[in-house]
Peer 1: 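Before we start, here is the structure in question, set down as structure tokens.
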Protein chains: 2
Amino acid sequence: MARSEHRSGSTLPVTPPTLADVAERAGVSRQTVSNAVNNPDLLRPDTLERVRQTIAELGYSPNRAARNLRTRTSSLIGLRFAPAQEGTANAAMDRFVHSLVEASEEVGYHVLLFPGDDDDPIGGYENLLRSTAVDAFVVTDTYLGNPQAAWLSQQRAPFVAFGRPWDDEGARHVWVDVDGAAGIALATQHLIDRGHTRIAWIGWRKDSPIGEDRRSGWVRTMHANGLPTTGLASRVEDVVHSGAEAAAVLLDESAPTAFVCASDTLAMGVLHTLWIRQLAPGKDIAVVGFDDSQVAQVFPVGLTSVRQPLEDVAVEIVRALRALLSHQPVETRGVLLEPTLAIRESS
Amino acid sequence: MARSEHRSGSTLPVTPPTLADVAERAGVSRQTVSNAVNNPDLLRPDTLERVRQTIAELGYSPNRAARNLRTRTSSLIGLRFAPAQEGTANAAMDRFVHSLVEASEEVGYHVLLFPGDDDDPIGGYENLLRSTAVDAFVVTDTYLGNPQAAWLSQQRAPFVAFGRPWDDEGARHVWVDVDGAAGIALATQHLIDRGHTRIAWIGWRKDSPIGEDRRSGWVRTMHANGLPTTGLASRVEDVVHSGAEAAAVLLDESAPTAFVCASDTLAMGVLHTLWIRQLAPGKDIAVVGFDDSQVAQVFPVGLTSVRQPLEDVAVEIVRALRALLSHQPVETRGVLLEPTLAIRESS
DNA sequence: CGACCGCCCTAGATCGATCCAATCACGGTG
DNA sequence: CACCGTGATTGGATCGATCTAGGGCGGTCG
């Protein structure tokens, strides 16, 4: 079936050219054009050149749907984009999404977002999986004891998790995570190097494995330097208000000269208390947060904060996905990346 | 070709069931199953019930790729997700993406993210368009004098812009935007209602049409209330530092009792200056920002800010996309939505 | 000199759902 | 009783790319 419509050079035709169009015009078979695109090595150099020329002339791009159907792949990575919450938490998430989009692009993948409420963690995944709409998933909400990971594993769906399977010893999936304990250790050591000896910890409640992990970095570093931790720790909700209260109590009872916090949100609370008490952050009292969120970077002083290498996380995740999808043997089941410390005026 | 593999009830088979599988099992033709999914009205009630039963038993979902190929649609909406910048600007963007994902889901669309640097604004669009990977685009970066919109229009690609075509009188595309002038007018009137008469404006440089639009809301409201504006306006870069400087100068030279800012970033600068001068925001001097970003919601006092109705923007955009894609006559070429004022301690 | 091998390329089948035209069943009508 | 019309259902063709065989062709080797 020949197509005779005239194609203008600059405007896209109503229906884009197909493989057959290119083949006919170049005087070769469809398969040869396909090979020119996907396996250039198989063609004789002069043929390749001629086909490429024609492809350029017609502005041909392979039809995604047809390719997807035949190859049973989509080059799409599904990511659940949870509903916006007013809070600091998903600021890091958004930075991660940016990084993931770029890392995916590098290897020819695109990111497909789908919504999902916390009530039905499986819903969105199941639809996309059954309709073979995506090749794989990136699961980010592993802090919830991730039923998704378990379910996806059971379905043999390819996925990589951002976050360790804290509770689940039997989990066999691939994951990438940031070493929160190491980050807090970095922060603590930084404060010790600046001469602080009474360094307080404000973290989350005990049922948060991530929070306990971060806390361990503080404990470890303090003890390694022969410094006390008793009476210097507090566990609260992850809201500004709670951080402020905890700071007030600790200041009154234990006289710390520095605070290490499990989140920027809590650090903001500390800053608030300092502000009320007319204590200068960074001079009178040092403060370090976690996540390097935009919230804290500007005012009233720049907040020193542990920064997760989300760009690297994205790259590692994409690397793992590629390995999964090409059915290569999985070398490492988990990758743990080191955060860095963004030092500002508050310490 | 019959499939004889045994399917377990709970785990997904290696290859999902197809239309033909369902048809065979239900004792009907493939087309009837297709109709059961897409045009239930065409089936006799009892047949419909039987087919639906079988679909449920097998856990059948139509293969996306096959459907896309045949119908020449993808149910995907492309959105360029620009690289992360350290700043307030994309905080609103992220909130918008959330809203868009949810609004799209409502009508059966998914959002496909693709990267793009500002150097080559067309790149990502062209690829996706030519490979028919997405049905339509949502263009957000119209503040750049949007070459994308012009290019997409020329390509007859369906798209809706978030943002007015400020400069381009001839633009014929569909857009949705938020009335920034109305938002600032709201903020200004709010301050006037609180008794302020000397209200200063800190905005962007004159070459920003968005900035000039917002500024006009301040001018309009001041004059409508018989209040002066001379000597009370300043135009600076959109960074905290510049906002702080502008506030200092205005305080010294014009003795305002309130500030209206074109962005939360600038408002943060104002708060900084107040802090240095030991002036209490909301008591001594009132401050209002724009974008209701998380940055300013918490510390040191809650910042009153103009909030864009991004959820509604997303809904309107999806509505417009649906109209475009179903080739309905376009009723309205542009939709302008009213922002609201989030009032906090700073005013 | 004919069998054989690699290289380059081609033709037909295929992925799974939907479009299209045709068929079938069945009650009503002349 | 033949005919018609409508509603329900069906089989074949189709979307566009890739997979799988297999076919020319020139060169090499026994």
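Numbered from 1 within each chain, the chains take letters A, B, ... in sequence-line order. Both backbone and side-chain heavy atoms feed into the values below; hydrogens, waters and symmetry mates do not.
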Peer 1: Got a sec? Which of residues 37-46 of chain A come in under 4.0 Å of DNA chain D, heavy atoms?
Peer 2: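 Contacting residues: A:Asn38.
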Peer 1: Identify which nucleotide among C:dA17, D:dG16, C:dT18 has an atom closest to any side-chain atom of B:Arg72, counting heavy atoms from C-beta outward.
Peer 2: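 Taking heavy atoms from C-beta onward, the closest nucleotide is D:dG16.
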Peer 1: Checking all strands, does A:Thr32 fall into the base, sugar-phosphate, or nothing category for heavy-atom contacts under 4.0 angstrom?
Peer 2: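 Base: the residue A:Thr32, judged by heavy atoms under 4.0 Å, touches a nucleobase.
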Peer 1: Suppose we screen for ring-ring contact (aromatic ring centres under 6.0 Å, His included). Which residues come up paired with B:Tyr125, at least two apart in sequence or across chains?
Peer 2: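 B:Tyr125 satisfies ring-ring contact (aromatic ring centres under 6.0 Å, His included) with B:Phe114, B:Phe137 once adjacent residues are dropped.
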Peer 1: Counting distance only, does the side-chain N/O of B:Asn39 pair as donor-acceptor with the main-chain N or O of B:Leu42 below 3.5 Å?
Peer 2: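 Looks like no, no N/O pair under 3.5 Å.
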Peer 1: Are A:Glu49 and A:Arg52 close enough for a salt bridge, meaning some N to O gap below 4.0 Å?
Peer 2: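 Between A:Arg52 and A:Glu49 there is no salt bridge, as every charged N stays at least 4.0 Å from the carboxylate O atoms.
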Peer 1: Taking atom types as they are modelled, would you say the side chain of B:Arg30 forms a donor-acceptor pair with the base of D:dT10 within the 3.5 Å cutoff?
Peer 2: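 Not at all, since no donor on one side and acceptor on the other fall under 3.5 Å apart.
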Peer 1: Please name the residue in the list A:Phe159, A:Phe162, A:Trp151 that meets the ring pair (Phe, Tyr, Trp, His ring centres under 6.0 Å) test with A:His173.
Peer 2: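 The option that passes is A:Phe159.
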Peer 1: Any N or O donor-acceptor pair linking the side chain of B:Arg70 to the base of D:dT14 at under 3.5 Å?
Peer 2: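 Pair found.
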Peer 1: Collect all protein-nucleotide pairs involving nucleotides 23-27 of chain C in which both atoms are nitrogen or oxygen and the distance is under 3.5 Å.
Peer 2:
none

Peer 1: Which of these nucleotides, D:dT18, C:dT18, D:dG16, is closest to any side-chain atom of A:Thr18?
Peer 2: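 Selected nucleotide: D:dG16.
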Peer 1: Looking at D:dT9, D:dC19, C:dC20, which one has an atom nearest to any side-chain atom of A:Gln31?
Peer 2: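 Of all the options, the side chain of A:Gln31 is nearest to D:dC19.
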